[in-house]
Amino acid sequence: MISAFRELWQFRDLFFVLIWREITIRYKHSVLGILWAVIQPISMMTVFVIIFTKIMPVTLSAHPYPLFFYAALLPWTFFSTSLNYATPVLVDNYHLITKISFPRALLPLTCLAVALVDLLISLVFFFILLIIYNIPVSAFMLWLFPLMGLLFLFTFGTSLVVSSLNVYYRDVRHVTTLLIQLMFFATPIFYSTVAIQPPYRYLLFANPLTFIVEGLRTCTLDQKAIPSGEMAGATVIIMVFVVASWLFFKRMERRFADVI
Amino acid sequence: MSSEPAVIFTNVWKKYSKNAFFHKSLREDIINIFSHSTDKSELKSDEFWALRNVSFQINKGESVGLYGHNGAGKSTILKLITSITAPTLGTVHVDGRIAPLLEIGAGFHPDLSGMENIFVNGTILGMSISEVRRKVDTIVDFAELREFIGMPVKKYSSGMYLRLAFSIAIHSQADIFLIDEVLSVGDTQFQERCFQCIREMQKAGITIIAVSHNEDLLKSLCHRILYIHKGEITKTSG
């Protein structure tokens, strides 16, 4: 694992250039440019607010609905955009993989880095919303850092598995699209786990995103600390998952150039 | 030229599958993931040997040409040297930083300008950002693209594109240069400058491994030529 980081570190310049290339290409001919990063979560939030206040009024939370939805859409958008970028990234770059030797994990990692820039921009809008709704900025919000760290690791592990499988079976691309749609409902984005009864509640927490989404609401909207026991548990589970995904990727990587 | 080895191949075999899809069934794959028992030295019905029992040594500072027909296994050897792919059997040992010019212009994006692409391609070839920055003027001048360097490369003529790509490649810093059929670039004048550049590298003690099916070109450039036929080295000259 340490040698893996050393290898990635050696290629840091390539990594920075790849991130810069992706971002430049993405916004080169676009008028709104970087604003697109916030347009997606904001439009989703608006749709939910309209549905759950006007069309089908339901009490979901004591918090203002725009905040309640947006807090969950932040990590969700990061996860889904990262996966959408990362799934085909190895196959799309086959000309690099068959001709040049470099750590292949840099490619999915680049996708995450690009999505991370979007996430940081949409976080700015989140803080604007917090000010609008008069929610004080408190020290509990420092929990955002470990939560974002876990979100990044979980997304990284998933991208490693999905992108490397896609080299071998192109069906994976379709499976990922489907899985992302299903995960959307299995993550408490337009509802809260508080309202859900025990057996199903535990089932929801089998999805690490549930912990991250609810944690994000706890530390910002409820202004409470996240129980350190829960945090430690989630960290261990996600770390094990990332290490396993890394080993899986390393195993698959050996034959990328031959089968792609 | 020293007698220190830069590249050593010891009884290298490389197997490829003819199938577009390498796997026969999901079930078989799942079983294979958990077992290492399959005998690598046997061929399945859809497989063939791209290299059979290839052994050679290339010393530091030496220029070696690989000559053979299409599909003889020349490019496979280069891919093994760069560790893009792993040998089925045998060992490959490489000592030194490699500049893999297997495909010039790797990572070029049509929407990016020539200047931007120098950075992308340069770092892909293993240069650091500061190294590219230092060499950027030399690269542009060598390619003779000073006035077009801010233009997106999709608007380049194919000659301009190749000149830029080759210029970046030739300026990367490495101990071993792998050159795969990329010598037939641009007009004769540009080609002559490339050869000059390669001769200077040879004087500077850089190892060069060039692949071509142009025997005369290899003879004029290399100390030694390995003749490859159907995955085997049939003779060595020079």
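Per chain, numbering begins at 1; letters A, B, ... match sequence-line order.
- With a threshold of 4.5 angstrom between heavy atoms, B:Leu125 approaches chain A through side-chain atoms but not through N, CA, C or O.
- The salt bridge (Lys or Arg N to Asp or Glu O under 4.0 Å) check on A:Asp171 picks up nothing, with sequence neighbours excluded.
- Annotation for B:Lys230: atom NZ does not count as buried by contact number, only 12 or fewer foreign heavy atoms lying within 6.0 Å.
- Residue A:Arg12 does not touch chain B at all, counting heavy-atom pairs closer than 4.5 Å.
- A 4.5 Å side-chain heavy-atom check between A:Ile25 and B:Leu112 finds at least one atom pair inside the cut-off.
- The environment of A:His95 atom NE2 is dense: over 12 non-hydrogen atoms of other residues, nucleotides or ligands sit within 6.0 angstrom.
- Between atom CG of residue B:Leu178 and atom NZ of residue A:Lys99 there is a gap of 12.0 Å, rounded to the nearest 0.5 Å.
- In this structure, NZ in B:Lys79 is found 5.0 Å from OG1 in A:Thr98, a value given to the nearest 0.5 Å.
- The shortest heavy-atom contact between B:Ile84 and A:Ser101 is CG1-N, 3.9 Å.
- A distance of 10.5 Å separates CD1 in B:Ile124 from CG in A:Leu106, rounded to the nearest 0.5 Å.
- Nearest heavy atom pair, residue B:Ser130 against residue A:Asp13, reads N-OD2, 4.4 Å.
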Problem set entry | Trace of the side chain to side chain donor-acceptor pair (under 3.5 Å) decision for A:Asp258 with B:Thr85 | CA-CA 7 Å; A:Asp258 297 346; B:Thr85 183; 2.7 Å; yes
Atom pairs and distances, side-chain donor-acceptor, residues 150-164 of chain A, under 3.5 Å, sequence neighbours left out:
residue, atom, partner, partner atom, Å
A:Thr155, OG1, A:Leu151, O, 2.6
A:Thr158, OG1, A:Phe154, O, 2.7
A:Ser159, OG, A:Thr155, O, 2.5
A:Ser163, OG, A:Ser159, O, 2.7
A:Ser163, OG, A:Leu160, O, 3.4
A:Ser164, OG, A:Leu160, O, 2.8
A:Ser164, OG, A:Val161, O, 3.1

| said: One pair to check against side chain to side chain contact (heavy atoms under 4.5 Å, CB included): A:Phe15 and B:Thr123. What are the steps and the verdict? | reply: CA-CA 9 Å; A:Phe15 181 48; B:Thr123 44; over 6 Å; no
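- One finds the CZ atom of A:Arg26 at 14.0 Å from the CG atom of B:Asp111 (value rounded to the nearest 0.5 Å).
- B:Phe119 approaches A:Val17 most closely through the heavy-atom pair O-CG1, 3.8 Å.
- With a threshold of 4.5 angstrom between heavy atoms, A:Ile100 approaches chain B through its backbone and through its side chain.
- For A:Tyr94, the OH atom sits in a loose shell: 12 or fewer heavy atoms of surrounding residues, nucleotides or ligands are nearer than 6.0 Å.
- Shown here is A:Met239, whose CE atom has no more than 12 heavy atoms of other residues, nucleotides or ligands within 6.0 Å.
- More than 12 heavy atoms of other residues, nucleotides or ligands shown are found within 6.0 angstrom of NZ on B:Lys154.
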